[in-house]
Protein chains: 2
Amino acid sequence: MKNRGRSGVTLADVAREAGVSAMTVSRALRNPDRVSARSRDAIQAVIERLGYVPDPAARALAAGRTNVIGVIVPSVTNNVFADVMRGIYDAAEGTPWQVQLGNSRYSPIAEEDLVRTFLSQKPAGLIISGIDQSEATAGLLRSAPCRIVQIMETGPDPFDMMVGFSHREAAGAATRHLLDAGYRRIGFLGARLDPRTQRRLEGFRVCLSPAGLLDEARIVTTPQPSSVTLGGHLMADLLSTAPDTDAVFCNNDDLAVGALFECQRRRIAVPGQMGICGFNDLEMMAAAHPSITSVLTFRHEMGRQAMSLLGAALRGEETSQPVVDLGFEVVPRATTDRTLQPGRAEGGGVRARAP
Amino acid sequence: MKNRGRSGVTLADVAREAGVSAMTVSRALRNPDRVSARSRDAIQAVIERLGYVPDPAARALAAGRTNVIGVIVPSVTNNVFADVMRGIYDAAEGTPWQVQLGNSRYSPIAEEDLVRTFLSQKPAGLIISGIDQSEATAGLLRSAPCRIVQIMETGPDPFDMMVGFSHREAAGAATRHLLDAGYRRIGFLGARLDPRTQRRLEGFRVCLSPAGLLDEARIVTTPQPSSVTLGGHLMADLLSTAPDTDAVFCNNDDLAVGALFECQRRRIAVPGQMGICGFNDLEMMAAAHPSITSVLTFRHEMGRQAMSLLGAALRGEETSQPVVDLGFEVVPRATTDRTLQPGRAEGGGVRARAP
DNA sequence: TTGTAAGCGTTATCAT
DNA sequence: ATGATAACGCTTACAA
């Protein structure tokens, strides 16, 4: 098999130059304190001189495991997951764990393939979004020889660990906020009905139904992926179906922003004639004019904690609490504050802040 | 070393069950047509029955290469890179290439580490953002034993291939658009001065300078990462420094949206008293009220082409054109259209579209 | 503290 | 078309 023209400096090269055996170099790399200071220094010098970098494939093959943490999210474009990913990367920094990202594109089949691919790499851990895995995927995960964290949601029967919150309750709280603000004919705008969206819709229904205020005609959804433009369209649909609607809970912030712009275009006063509440509380919501009420979710923290929990578990520090509920927070702002002095009709907004 | 309790079914297991040698199974997996139909079918059946999945580490070690495409971006939160990543994933779908993401967080040192880590994995290719690698990184890349695509920008001396556009020209065109629209006291709002931002600022200067309209006092920048909120703050700063400014070129769309909201808050008529132009043309820009002028960049296409180019090169299809300039497109909208009938002062906008 | 031997699961090479 | 054999670069297990 000879030399196939590989560039690499190997452990053996380093060992030879440093006048020790390969095993000592291997140890110096992973448990520096189990090697004499003298060897350690000599080895370190040679490594730098030769520019040695360990071959992860050889390592994985010999050790039967890797320091890879597989992360499976349904979207890489979505702001929400971008924040979660950043939290994961932040927590992984300075640790030996190497994050590897997989994008399931909201497809259960792609998700199953990803899990299979990740498992074939003998990962140290897996972080997977949601609690709605297919039966096949669930089977793989249940018998997986690594630690697993489910994120984004809490629910019963975790495979292992969980970091999330209740979307049902969060949506319920948002809807209650609209009720408390005095709105009565409340609509729901939703895009891409993934399982979390559906549970939010459920929370919406459960909040309005007992009060006799649930009107299915005010629920407007579409399978299309969400966008600001779509928020405008959904608002337009809602207004043509149920023109007397006086507030909307938007299933995410993009839709809420689009709904606000649509109101401004139509000279509908917000919050006077129409209340608007979003979901996630992206940075933009506070900066908008009028500022937009939303439900703050702790996305970055979710990623951070998922990774930290995994790290702790892998270090053998068993957590007493395998399911972490991060909660949420309704953030009331101008778009649902009827006590604000309404702007002129065509302004479509109020002054929420001094200039 | 015995059995360490690994879960895996191996090639040898499949070979034994199928009554052939390991090599035949290996061949059947990678070059099905170099194996008799009989063996092929028998092997396929056993693979499915046993649930065999190849071990990528063993494969990498034996073959000396992998089907990994390393992708290095400076941010995973930024919409722009999210779109590029989606393009890459889209183009990788259905190919044997496995995309692996690295986040350099705008740090040249982190970037160098990532390159080193990726190279240690013997990747089939590397996609790296920008043309401003450190000398150390450049050295690694020049002697890398794999194909390389630089994305986001075009420039001289590609390591190998390149897919991008000229940020300098794009910013110049945007500034020219503001001039053509009749604005004369034009400002620049910029956050995080990465190399691309700086080249955009350069394009801005080069456009205004010959006309004698460049006023450094109207250039407001900050090292902070960009956000909608920050766009408002920068606009506020600009107005206190140079209150007679009549238009701004914002270095990205978030800033532009924030600037627009700030104008609305202050009852500054847009586009009447203040023209606003963003950069990238995110989906939101068209949906805003008033709709916001921006410079469309082909982010998804950039990722798609980078990956396709790489795929073609790896298949041995040499491209005649190793540097692809995707260009850009100034998209004029309401925020720079002075011919529109101005809304009332406090409206801060115009009706860009019928309801 | 250090070294020796064996093998991890796959593919390249060369025969047959 | 198929197979025997020798690596690939590293780590586990055990011995010194």
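These values consider heavy atoms only, across backbone and side chains, with no hydrogens, waters or symmetry-generated copies. Just so it is clear, the model here is predicted, and its values are computed rather than measured.
The distance between atom CG of B:Leu61 and atom P of C:dG9, rounded to the nearest whole Å, is 12 Å. Between the CG atom of A:Leu11 and the P atom of D:dC8 there is a distance of 13 Å, rounded to whole Å. The distance between atom CG of B:Asn67 and atom C1' of C:dT10, rounded to the nearest whole Å, is 14 Å. Rounded to whole Å, atom C1' of D:dG9 lies 17 Å from atom CZ of A:Arg27.
Which of D:dG9, C:dT13, C:dT10 sits closest to the side chain of B:Asp55 comes down to C:dT10. The nucleotide whose nearest atom lies closest to any side-chain atom of B:Ser26 is, among D:dT11, C:dT2, C:dT11, C:dT11. Checking C:dT13, C:dT11, C:dG3 against every side-chain atom of B:Ala62, the shortest atom distance belongs to C:dT11.
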Distance-only donor-acceptor pairs under 3.5 Å for side chains of residues 136-143 of chain A, two or more places apart:
| from | atom 1 | to | atom 2 | distance (Å) |
| --- | --- | --- | --- | --- |
| A:Thr137 | OG1 | A:Ser134 | OG | 2.9 |
| A:Arg142 | NH2 | A:Glu135 | OE2 | 2.7 |
| A:Ser143 | OG | A:Gly139 | O | 3.2 |

In a table with atom names and distances, give each donor-acceptor pair under 3.5 Å that connects a side chain of residues 79-87 of chain A to protein atoms at least two apart or in another chain.
| from | atom 1 | to | atom 2 | distance (Å) |
| --- | --- | --- | --- | --- |
| A:Asp83 | OD2 | A:Arg299 | NE | 2.9 |
| A:Asp83 | OD2 | A:Arg299 | NH2 | 3.1 |
| A:Arg86 | NE | B:Thr77 | OG1 | 3.0 |

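For residues 28-37 of chain B, proximity to DNA chain D is found at B:Val35, B:Ser36, defined as any non-hydrogen atom under 4.0 angstrom from a strand atom. Looking at residues 13-24 of chain B, you'll see B:Val20, B:Ser21, B:Met23, B:Thr24 sit with a heavy atom under 4.0 Å from some atom of DNA chain D.
Remark: B:Arg38 engages B:Ser36 in a side-chain contact (heavy atoms from CB on, under 4.5 Å) (not counting sequence neighbours). With sequence neighbours excluded, the residues forming a ring-ring contact (aromatic ring centres under 6.0 Å, His included) with B:Phe165 are B:His167, listed by chain and number. Not counting sequence neighbours, the partners of A:Ser104 by the side-chain contact (heavy atoms from CB on, under 4.5 Å) test are A:Ile72, A:Pro74, A:Glu111, A:Leu114. Among residues two or more places apart in sequence or in another chain, the side-chain contact (heavy atoms from CB on, under 4.5 Å) test is passed with A:Pro195 by A:Asp132, A:Arg199.
Of the side-chain N and O atoms in B:Arg65, one or more sit less than 4.0 angstrom from OP1 or OP2 of C:dA12. At the phosphate of D:dT2, OP1 or OP2 sits under 4.0 Å from a side-chain N or O atom of B:Ser39.
Look at B:Arg304 and B:Glu93 and you find no salt bridge, because none of the NZ, NE, NH1 or NH2 atoms lies under 4.0 Å from a carboxylate O.
Applying the salt bridge (Lys or Arg N to Asp or Glu O under 4.0 Å) rule to pairs touching residues 41-50 of chain B yields B:Glu17-B:Arg49, sequence neighbours excluded.
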